[in-house]
Amino acid sequence: MRAGRQSAREVGRWGVRSARRVRGRLVAATRAMRAAPQAGMATAEYAIATLAAAAFAGLLLVILRSPEVRGFLLGIIRQALQVS
């Protein structure tokens, strides 16, 4: 295409300048997406880590409420508090 001539795609409804502006915005958006391809992954990773932490906390709660573990921990605390 020679300088000064307009292609049918560029002219469209808004003219050459608008078409160039839109193209520039699309190019900028594409570059931004390529620069950070995993931008949305952080949220999913945090959600999975939060679920895993909650499940682990629930498991610890069940284990620590059992009478055997409770007695074991009480024994350790009593022994630590005894004055020799």
Side-chain angles (χ1 to χ4, degrees):
M1 181 170 86
R2 292 187 306 203
R5 293 206 61 192
Q6 301 171 352
S7 72
R9 277 192 323 202
E10 285 182 328
V11 174
R13 186 169 154 191
W14 296 289
V16 175
R17 288 184 182 167
S18 292
R20 287 182 183 157
R21 249 185 264 134
V22 170
R23 183 178 180 275
R25 288 181 185 164
L26 286 173
V27 168
T30 303
R31 286 182 184 157
M33 287 186 338
R34 287 181 182 165
Q38 296 182 355
M41 292 297 290
T43 305
E45 290 169 359
Y46 282 127
I48 291 172
T50 302
L51 282 174
F56 186 67
L59 181 64
L60 279 176
L61 189 62
V62 168
I63 290 172
L64 291 176
R65 283 192 173 182
S66 69
E68 296 86 16
V69 175
R70 185 177 285 177
F72 177 70
L73 291 174
L74 231 79
I76 291 174
I77 293 171
R78 284 186 184 147
Q79 188 177 13
L81 293 177
Q82 281 181 351
V83 178
S84 297

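- With rounding to the nearest 0.5 Å, the separation of CG in L59 from CG in L64 is 9.5 Å.
- Here the CG-OH distance, from L51 to Y46, works out to 15.0 Å after rounding to the nearest 0.5 Å.
- If you chain together hydrophobic residues whose side chains sit under 4.5 Å apart, V69 and L74 never meet in one group.
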